[in-house]
Undergrad: 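My questions all concern the structure below.
Sequence positions, counted from 1, serve as the residue numbers for this chain.
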Amino acid sequence: ARWGGAGAGARVGGPEVRELGKGWHLGIGWAGRRMVAVRSGARTPTALVTIDPGAGTRTSLVRGPVGGVEGPWLAEPESVAWAAEDGTRIPGRLYRPPGGSPAGGLIMWIHGGPTGQMTVTFNARVAFFLSRGWAVLVPDFRGSTGWGRAHARALAGGWGEVDVADCAAGLRAAAQNGWAGTGRTVVLGASAGGMTALLLLARHPELCAAGVDLYGVADLEALAATTHRFEAHYTHSLVGPLPAAAELHRRRSPLAVAERIRAPLLILHGSEDPVVPLAQSLAVRDRTLAAGNRTEMHVYEGEGHGWSRPETVEDELDRTAEFLDRHVRSAG
């Protein structure tokens, strides 16, 4: 939940309110007249806080680790939007690096789910790239949460088409509005976001200087057959019911168009992923390499669907930064 209360020392609803508070509050509870919550914001690490709604005051009791990224590169994102091909308004958030000018270009960071949202919470990964001069654009393509039921359900039957088109429109808007600075744009996504990134690379090569795929879905038909019980039959609503929609599952899978990827591609995957099996990323690697693409891949032994060890996160960031410096910045 997001709380629009006043900043510390201000009185809610009265003339003393100077500024609305920014932050996400989770695990909300009450202790007497005070609210207790786990709070996080774009510039503030996760903390356990108490809030007095009457006085409009907030007290931090315990603050979590900052990952060594406190500094000017911790920035509140700007709210942006662009028009999809059919005129639908697609919202997003734009993080600008210190100084405002993205010397390194722009990373479109595509959230997973695909029904989900990348909330404005403390994100050391975003801060890492901001500190290196990249701008970061977070699209809320149709299917994302946070913008009402109609927006969230607008991806039904359209996964692999609608999300890709909305993100492609966002990349065009980034170029037109100068969000990318140098014009060099990179697509990055994990899980369902990795699938969208791969399809963008294949279908819109003119928009992508490089791509980073973290354990992305590459074979929708195989996903429907092997994924965990929590998401069983998920593709039936997002793509179409099986077996009638088997051909549609195949046609919308990145494996069907992997040979068309021409931009440098980095693939990272865990060896024990129970949601998207490692075999899917291996197949993308093999097909893109066979087509002559500059594809690199690293497998993290013992990791699953996402990383559980700090050293893996560190390696992911260092490996990604080195890959982008070598293939994107040096090429500019």
Undergrad: For T295 and T288, what are the C-alpha separation, side-chain angles and deciding distance, and is it a side chain to side chain donor-acceptor pair (under 3.5 Å)?
TA: CA-CA 7 Å; T295 298; T288 53; 2.9 Å; yes
Undergrad: I need the minimum non-hydrogen distance between I28 and A37, along with the two atoms involved.
TA: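 Where I28 meets A37 most closely, the heavy atoms are CG1-CB, 4.0 Å.
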Undergrad: Rounded to the nearest 0.5 Å, how far does CZ of R172 lie from OG1 of T185?
TA: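 If we round to the nearest 0.5 Å, T185:OG1 and R172:CZ are 11.0 Å apart.
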Undergrad: Could you measure the distance from the CG atom of L220 to the CG atom of L238? Nearest 0.5 Å is fine.
TA: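 CG of L238 is found 9.0 Å from CG of L220.
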Undergrad: Which value, rounded to the nearest 0.5 Å, describes the distance between R260 atom CZ and N293 atom CG?
TA: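 These two atoms lie 13.5 Å from each other.
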Undergrad: Evaluate T57 against D52 for side chain to side chain donor-acceptor pair (under 3.5 Å), listing each step before the verdict.
TA: CA-CA 5 Å; T57 57; D52 186 333; 4.7 Å; no
Undergrad: Tell me if a side-chain donor or acceptor on S131 pairs with a main-chain N or O of F128 at a distance below 3.5 Å.
TA: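 Indeed, once roles are kept as given, a pair shorter than 3.5 Å links the two residues.
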Undergrad: Would you mind listing every salt bridge (charged side-chain N to carboxylate O under 4.0 Å, His left out) that reaches into residues 106-117, with sequence neighbours excluded?
TA: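 Listed by first then second residue: nothing to list.
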Undergrad: If you round to the nearest 0.5 Å, how far is CZ of R285 from CG of L266?
TA: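 One gets 13.0 Å once the value is rounded to the nearest 0.5 Å.
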Undergrad: Which other residues end up in the same hydrophobic cluster as L61, if Ile, Leu, Val, Met, Phe, Trp and Tyr are linked when side-chain heavy atoms come under 4.5 Å apart?
TA: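 Cluster partners of L61: V36, V38, L48, V62.
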Undergrad: Enter the distance from W24:CH2 to T121:OG1 here, rounded to the nearest 0.5 Å.
TA: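 Between W24 CH2 and T121 OG1, I get 8.5 Å after rounding to 0.5 Å.
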Undergrad: May I ask you to test the L278-D273 pair for a side-chain heavy-atom distance under 4.5 Å?
TA: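 L278 vs D273: side chains apart.
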Undergrad: Looking at S60 and V49, what are the two nearest heavy atoms and their distance?
TA: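 Scanning both residues completely, I find the closest heavy atoms to be OG-CG1, 3.8 Å.
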Undergrad: Test of understanding: clusters of I, L, V, M, F, W, Y form through side-chain heavy atoms closer than 4.5 Å, transitively. Do Y300 and V313 belong to the same one?
TA: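 Same cluster: Y300 reaches V313 through Ile, Leu, Val, Met, Phe, Trp or Tyr contacts under 4.5 Å.
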Undergrad: Could you pull out every donor-acceptor pair under 3.5 Å between side chains of residues 146-159 and any protein atom, sequence neighbours left out?
TA:
| residue | atom | partner | partner atom | Å |
| --- | --- | --- | --- | --- |
| W147 | NE1 | D140 | OD2 | 2.8 |
| H151 | NE2 | D140 | O | 2.9 |
| H151 | NE2 | F141 | O | 3.3 |

Undergrad: What's the verdict on side chain to side chain contact (heavy atoms under 4.5 Å, CB included) for E316 and E311, showing C-alpha distance, side-chain angles and the deciding distance?
TA: CA-CA 9 Å; E316 171 215 318; E311 58 267 29; over 6 Å; no
Undergrad: Just to verify, what does S253 make a side-chain hydrogen bond (donor to acceptor under 3.5 Å, both in side chains) with, not counting sequence neighbours?
TA: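 Expected list: none.
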Undergrad: The test is side chain to side chain contact (heavy atoms under 4.5 Å, CB included); show your working for L137 and Y95 and say whether it passes.
TA: CA-CA 6 Å; L137 177 62; Y95 294 82; over 6 Å; no
Undergrad: Does the pair L324 and W134 meet the rule for a side chain to side chain contact (heavy atoms under 4.5 Å, CB included), with working shown?
TA: CA-CA 10 Å; L324 296 180; W134 293 93; 3.8 Å; yes
Undergrad: Partners of T115 by side-chain hydrogen bond (donor to acceptor under 3.5 Å, both in side chains), sequence neighbours excluded?
TA: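 If we apply the side-chain hydrogen bond (donor to acceptor under 3.5 Å, both in side chains) test to T115, skipping adjacent residues, the hits are Y234.
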Undergrad: If we only count heavy atoms from C-beta on, is the I51 to H25 side-chain gap below 4.5 Å?
TA: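 Counting from C-beta outward, I51 and H25 do come under 4.5 Å.
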Undergrad: Do any pairs count as a salt bridge (charged side-chain N to carboxylate O under 4.0 Å, His left out) and have a residue in residues 195-221, sequence neighbours left out, and if so which ones?
TA: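 For residues 195-221: E161-R203, E221-R250.
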Undergrad: How far apart are the closest heavy atoms of V276 and H269, and which atoms are they?
TA: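 Closest pair (atom of V276, atom of H269, distance): O-NE2, 2.8 Å.
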Undergrad: Which heavy atom of P139 sits nearest to which heavy atom of C167, and what is that distance?
TA: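 Nearest heavy atoms, P139 then C167: CG-SG, 3.9 Å.
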Undergrad: Of the non-hydrogen atoms in H249 and G240, which two are nearest, and what is the gap between them?
TA: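 Distance-wise, the nearest heavy atoms are CE1-O, 3.0 Å.
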Undergrad: With heavy-atom distances below 4.5 Å as the criterion, would you say the side chains of L171 and C208 are in contact?
TA: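 In contact.
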Undergrad: Taking the side chain as C-beta and beyond, is there a heavy-atom pair between L223 and Q280 under 4.5 Å?
TA: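 In contact.
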Undergrad: So, taking the atom named CZ in F129 and the one named CG in L317, what distance separates them when rounded to the nearest 0.5 Å?
TA: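 Separation between the atoms: 5.5 Å.
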Undergrad: Looking at A84 and A169, what are the two nearest heavy atoms and their distance?
TA: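 That closest heavy-atom pairing would be CA-CB, 4.3 Å.
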Undergrad: Could you pull out all residues at least two apart from F323 that satisfy ring pair (Phe, Tyr, Trp, His ring centres under 6.0 Å)?
TA: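 Testing F323 for ring pair (Phe, Tyr, Trp, His ring centres under 6.0 Å), a comparison that skips the adjacent residues, returns H327.
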Undergrad: Scan for ring pair (Phe, Tyr, Trp, His ring centres under 6.0 Å) pairs involving residues 185-221, sequence neighbours excluded, and state none if there are none.
TA: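 The answer is Y215-H305, Y215-W307.
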Undergrad: Does the side chain of S308 come within less than 4.5 Å of E303's, by heavy atoms?
TA: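 E303 vs S308: side chains touch.
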Undergrad: Within the 4.5 Å heavy-atom criterion, are H298 and D315 side-chain neighbours or not?
TA: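 Of all side-chain heavy-atom pairs linking D315 with H298, at least one is under 4.5 Å.
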Undergrad: Between R33 (side chain only) and W30 (backbone N and O only), is there a donor and an acceptor less than 3.5 Å apart?
TA: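 Not a single qualifying donor-acceptor pair exists.
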Undergrad: After noting the C-alpha distance and the side-chain angles of L265 and V284, does the key distance pass the side chain to side chain contact (heavy atoms under 4.5 Å, CB included) rule?
TA: CA-CA 10 Å; L265 172 63; V284 172; 4.2 Å; yes
Undergrad: Any ion pair linking D86 and R142 (charged N to carboxylate O, less than 4.0 Å)?
TA: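 A salt bridge links R142 with D86.
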Undergrad: Could you tell me which residues satisfy side-chain hydrogen bond (donor to acceptor under 3.5 Å, both in side chains) with E322, sequence neighbours excluded, listed by chain and number?
TA: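 side-chain hydrogen bond (donor to acceptor under 3.5 Å, both in side chains) list for E322, sorted by chain: R326.
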Undergrad: Quick check on the hydrophobic clustering: are V299 and L289 connected, directly or via other members, by side-chain heavy-atom contacts under 4.5 Å?
TA: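 In one cluster with V299: L289, no.
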Undergrad: Is there side-chain contact between I267 and E296, with heavy atoms separated by less than 4.5 Å?
TA: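 SC-SC contact between I267 and E296 ruled out.
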Undergrad: Inspect the contact between E78 and R96 and indicate whether a charged nitrogen and a carboxylate oxygen are less than 4.0 angstrom apart.
TA: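 Salt bridge flag = yes for E78 with R96.
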Undergrad: Mind checking what makes side-chain hydrogen bond (donor to acceptor under 3.5 Å, both in side chains) contact with T44, not counting sequence neighbours?
TA: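 Here the qualifying residues are R39.
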Undergrad: Quick check: do P254 and L199 have side-chain heavy atoms less than 4.5 Å from each other?
TA: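 Heavy-atom side-chain distance check passes, below 4.5 Å.
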Undergrad: Can you pull the salt bridge (charged side-chain N to carboxylate O under 4.0 Å, His left out) pairs that have at least one residue in residues 109-122, sequence neighbours excluded?
TA: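 The answer is none; no pair qualifies.
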Undergrad: Please confirm whether the backbone N or O of M35 pairs with a side-chain atom of T50, one donor and one acceptor, at under 3.5 Å?
TA: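 No, because the side chain of T50 does not come within donor-acceptor range (under 3.5 Å) of the backbone of M35.
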Undergrad: For residues 105-113, dump all side-chain donor-acceptor pairs below 3.5 Å to protein atoms at least two apart in sequence or in another chain.
TA:
| residue | atom | partner | partner atom | Å |
| --- | --- | --- | --- | --- |
| H111 | NE2 | G116 | O | 3.3 |
| H111 | NE2 | S144 | OG | 2.8 |

